[in-house]
Participant: 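Handing you this structure, nothing more for now.
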Amino acid sequence: MARHLITSAIPYINGIKHLGNLVGSQLPADLFARYQRARGNEVLFLCATDEHGTPAELAAAKAGKPVAEYCAEMHAVQAEIARGFRLSFDHFGRSSSRQNHALTQHFAGRLAEAGLISEVSEKQVYSHADARFLPDRYIEGTCPNCGYDKARGDQCENCTKQLDPTDLIDARSAISGSTDLEVRETKHLYLRQSALKDELDAWIESKTDWPVLTTSIAKKWLHDGDGLRDRGITRDLDWGIPVRKGTEDWPGMEGKVFYVWFDAPIEYIACAGEWAETHELDDTDWHRWWRTDKGADDVRYTQFMGKDNVPFHTLSFPATLIGSGEPWKMVDHLKSFNYLNYDGGQFSTSQGRGIFMDQALELLPADYWRWWLLSHAPESSDSEFTWENFQGSVNKDLADVLGNFVSRITKFCRSKFGEFVPGGSPYGPAEDALIADLSVRIERYATQMDAMEVRKSAQELRAIWVCGNEYLQSVAPWTTYKTDPDTAAMQTRLGLNLAHLFAVLSAPFLPDASTKILGSLKIKEAIWPKDQSVFLSQLAKGHAFEVPDVLFAKVTDEQCDEWKARFSGVREN
RNA sequence: GGCGUUAUAGCUCAGUUGGUUAGAGCGAACGACUCAUAAUCGUUAGGUCCCUGGUUCAAGUCCAGGUAACGCCA
């Protein structure tokens with residue numbers, strides 16, 4: 001039995017994510033996790049919320065709540081929505097957990113001992129009114145280049161020129177608007193990634209089966225300009241993991257916290273610790289997933305993320321693990337995604353543009369979204385959500401091809417033979433041919449799923465559904481029944497067995513529909529098919545079933561128009 | 001500005017290491033069927049593979065130079 005450790009990029013805490021975020025990491029990760037479980041493999045699927053940093057503090061302030069309380073609430077909200085989309089995390093953790101505090105401090109200590117941490121003095125803007133240091137992008141002022149009066153401290157959005165906060169004329173805090181700013185000298189820790197450049201380079205070079213999107217981004221960062229640069233890992237903030245060297249104080253770093261990018265990926269590991277604690281397991285139970293010296297050497301680790309997260313996962317986080325000198329499990333496969341656009345523009349959290357996860361579930365059940373998003377996953381390039389495409393795809397694939405198949409075979413059986421699987425003659429040449437064809441297709445489907453080719457898997461699955469309709473159309477049991485009821489009974493029996501097969505194969509994409517079909521066929525346990533002729537004989541004469549309700553109602557033109565209008569602007573709050 | 005990704009049918013996309021007549025789904029037209037959610041199945045029509053030049057017996061595929069869209073620039 002293979003063992004799969006699967007992580008999805010962890011969503012930031014400051015609000016509900018949109019469908020673009022979902023399809024870029026959590027949803028394909030869930031597809032893979034469900035598939036591997038269905039194949040009988042051992043899976044640990046982890047995700048968490050990314051809670052530290054200035055945006056969380058500001059969002060909490062806006063909500064009028066202490067940041068810890070705000071994060072706890074938002075974590076609960078995101079967890080509930082994840083359940084709504086049937087994301088089957090074994091644990092949905094928090095980067096603010098006790099485990100992550102300890103582990104982040106541990107890594108920093110190890111890196112310091114290895115000589116991979118340097119101290120750098122830098123100048124940063126302090127706002128007296130806000131009583132905090134301001135990140136560059138939270139300083140506004142007039143651009144010295146073009147005169148635009150809302151230029152940010154890192155870049156002017158108007159003329160795109162890169163800036164330093166000190167370049168701005170009449171600089172002010174973007175938070176309070178205060179101009180009472182002061183440039184202060186402050187000391188920060190840097191991770192000396194550059195010292196590990198050759199090691200990282202060789203590691204990336206060895207990953208020949210990764211998506212080109214993944215390796216090209218990593219190589220660019222490794223070789224562009226001066227090569228891999230060192231990165232600051234500390235900030236002058238209150239909300240975060242206090243800077244400590246393992247369990248000891250770090251002189252000169254009092255009152256500082258680790259920078260969010262440093263502690264967030266470590267949460268992948270800490271999350272396993274949280275999982276163990278939740279299930280009353282001990283350290284050995286999660287070590288066997290994460291420590292190659294403690295049982296994780298046979299684990300295959302796959303990460304899922306959007307392309308914006310690739311540099312951290314290919315370079316910074318591996319640098320942390322390698323630099324620790326400890327035998328942590330490194331990622332084996334990194335599946336990255338491009339962006340999903342919305343009706344001619346980007347989805348945007350900050351601008352409230354597009355469809356957000358909670359809104360999607362108010363409109364339609366999870367399976368609809370799962371199917372469309374996965375079958376249109378932005379694998380090779382950015383892809384676009386349009387309501388027309390969504391409506392067409394969902395109606396045709398789910399309602400007409402799959403839903404209608406289940407409906408026509410169960411209703412036909414009920415009207416001719418009652419709600420029991422009929423017996424009839426044994427399978428003949430037409431049935432053997434179908435079984436042979438399906439065997440090939442299911443093999444192909446499994447190959448695509450193993451390779452995480454999401455779109456191709458969806459395509460192959462749909463082709464398998466079509467086989468069912470093709471078969472019924474060609475043998476026409478409604479005609480056969482008039483002259484040869486025994487043969488019609490056999491054809492109907494195979495049809496019902498096909499519904500069972502489709503339910504099992506579709507479960508990773510459509511967990512709810514799969515459960516519904518299995519329920520109506522009164523099948524207790526879904527077992528992945530190995531031998532198709534055996535599998536398609538499981539429902540035998542006399543097995544009772546019920547005709548299920550409509551599996552997928554169609555999206556009407558009226559709904560489509562209404563939703564299109566409703567989501568044309570930006571979200572209110 | 002630097003770098004990256006993308007460009008194939010009306011739409012969404014496949015096209016391994018260069019090798020006959022460039023594929024699929026949707027949409028369209030026509031036909032078949034009437035069990036089913038007016039669902040299904042079949043047939044047909046649609047392409048200057050972004051442009052220019054090059055390498056080669058042979059280029060959608062490789063090379064060079066353009067053009068356009070999108071993204072990243074810590």
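Quick caveat: nothing in here was measured; it's all calculated off a predicted structure. Note on naming: letters A, B, ... go to the chains in the order of the sequence lines (proteins, then strands), and numbering restarts at 1 for each one. Values reported hereafter were calculated over all heavy atoms of this structure, with side chains retained and with hydrogens, waters and symmetry mates removed.
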Participant: Should A:K456 be listed as having a side-chain N or O under 4.0 Å from OP1 or OP2 of B:rA24?
Facilitator: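 No.
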Participant: Would you write the dot-bracket representation of RNA chain B, where each base gets (, ), [, ], | or . depending on whether it forms a Watson-Crick or G-U pair under 3.5 Å and with which partner?
Facilitator: (((((((..((((.....[...)))).(((((.......))))).....(((((..]....)))))))))))).
Participant: Checking side-chain polar atoms at under 3.5 Å, does A:Q491 have a donor or acceptor matched by the opposite partner on A:Y471?
Facilitator: no
Participant: For a quick check under 3.5 Å, do A:W372 and A:D397 share a side-chain donor-acceptor pair by atom type?
Facilitator: no
Participant: Of all the nucleotides listed (B:rC41, B:rU12, B:rU37), which has the minimum atom distance to the side chain of A:E470?
Facilitator: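 From the listed options, B:rC41 comes nearest.
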Participant: Could you tell me whether the side chain of A:Y427 and the main chain of A:L536 form a donor-acceptor pair under 3.5 Å?
Facilitator: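 Here the side-chain-to-backbone pair exists.
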Participant: Specify the residue among A:Q473 and A:Y339 whose closest nucleotide of RNA chain B lies further upstream toward the 5′ end.
Facilitator: A:Q473
Participant: Output the single nucleotide from B:rU12, B:rC33, B:rA36 whose closest atom is nearest the side chain of A:W478.
Facilitator: B:rC33
Participant: Any side-chain N or O of A:R455 below 4.0 angstrom from OP1/OP2 of B:rU12?
Facilitator: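 It does not, given that no N or O in the side chain of A:R455 lies less than 4.0 Å from OP1 or OP2 of B:rU12.
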Participant: Are the aromatic ring centres of A:F317 and A:F107 under 6.0 angstrom apart?
Facilitator: no
Participant: Under 4.0 Å: is that the gap between some side-chain N or O of A:K396 and OP1 or OP2 of B:rU40?
Facilitator: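 Yes, because at least one side-chain N or O of A:K396 sits under 4.0 Å from OP1 or OP2 of B:rU40.
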Participant: Could you check A:G392 against A:V550 and say which one's nearest nucleotide on RNA chain B is further toward the 5' end?
Facilitator: A:G392
Participant: For B:rG53, does the glycosidic angle fall within 90° of 0 (syn) or outside that (anti)?
Facilitator: anti
